[in-house]
Amino acid sequence: MKNRKANLPVGIFDSGLGGLTVLAEAIKALPQEDFVYLGDTAHLPYGTKSKEVIIKLAINNILFLLRQKVKFVIVACNTTSAVALPYIQSYFNVPLLGVVEAGVKAAANSSLNPMGVIGTPATIASRAYQNALQRANQKLKVYSTACPLFVPLAEEGLHHSPLAEAAAELYLGKYRGKINGLILGCTHYPLLKKVISNTLPQVRLFDSSVEVVRFLRREMTEQRLLKGGKQRGRITIFLTDKAPYFSRLAYEIIKRRIKPLIVNNV
Ligand code: DGL
């Protein structure tokens with residue numbers, strides 16, 4: 001029997017538009033589900049903020065999604081998953097799923113060694129990925145680096161530009177011939193996959209957005225939360241401020257033309 005909450009939407013939040021990469025994977029894997037996405041564009045970037053502020057923003061975002069009556073929350077933002085989730089997870093009576101564990105599991109299972117991790121300055125400084133990888137495999141050699149310019153490049157729609165190539169070379173050129181796998185520990189980085197692969201041609205990339213959706217499907221199945229049916233689900237997108245490149249990015253990532261609703265009560 002279905003859980004009585006099964007017909008409610010799934011909530012996803014990120015600091016901006018990068019989490020649309022998670023939404024895209026979720027739509028592909030669970031096309032019948034309704035999704036409510038919140039992009040906190042008013043406060044982007046999270047990756048350079050303090051732990052206290054990231055926790056406060058995370059709580060506000062989750063409370064907003066709860067007001068939309070969601071049955072499940074994906075914390076698509078790696079910075080929030082790494083820095084805030086361990087502190088707030090137990091305070092909400094809705095399942096909260098972060099992206100770190102999913103990305104780590106896929107990378108650790110691959111047996112590739114050494115492994116690289118890239119993310120925002122806050123994610124890398126939290127050592128959430130590095131510690132989890134080493135817990136999974138003590139023999140794993142892990143290199144990590146923050147790539148702060150990747151986020152504005154993606155939000156400005158410049159992720160295929162020569163500027164993106166130069167940034168990739170600056171951050172990742174040093175890993176050529178040194179690592180075999182690389183975790184993209186930020187929602188925006190899958191948008192730069194091509195550029196990153198050109199910089200590190202032999203390296204396998206692990207995309208947390210793909211991995212977390214596998215976890216979501218499994219969790220929702222176990223908790224009998226899948227909506228089912230045949231109808232294509234509804235997608236609602238809230239942003240906390242206007243985002244000039246939203247339409248272009250949203251179309252590139254989720255292949256739909258959606259008008260975002262701007263909210264300022266988050
Ligand atoms: N969404 C954030 C993350 O995945 C990156 C952007 C930011 O710094 O807010 O870590």
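In each ligand, atom 1 is the first atom listed, and ligand 1 is the first ligand listed. Computed from a prediction, not measured in an experiment: that's the story for all the values here.
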Steps toward side-chain hydrogen bond (donor to acceptor under 3.5 Å, both in side chains) verdict (T79, T120): CA-CA 7 Å; T79 305; T120 65; 2.8 Å; yes
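- Listed by first and then second residue, the side chain to side chain donor-acceptor pair (under 3.5 Å) pairs involving residues 83-100 are K51-Y87 (not counting sequence neighbours).
- Residues meeting the side-chain hydrogen bond (donor to acceptor under 3.5 Å, both in side chains) test with K193, sequence neighbours left out: D207.
- Every protein residue with a heavy atom nearer than 4.0 Å to ligand 1 is included here: D14, S15, L44, P45, Y46, G47, C77, N78, T79, T120, V151, C186, T187, H188.
- Between Y37 and F238, the distance from one ring center to the other does not fall under 6.0 angstrom.
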For residues 226-233, which side-chain N or O atoms pair as donor and acceptor with protein atoms under 3.5 Å away, sequence neighbours left out?
from	atom 1	to	atom 2	distance (Å)
K227	NZ	Q32	O	3.4
K227	NZ	D34	OD1	3.4
K227	NZ	D34	OD2	3.2

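- Linking ILVMFWY side-chain heavy atoms closer than 4.5 Å, directly or via other members, places V22 and L184 in two distinct hydrophobic clusters.
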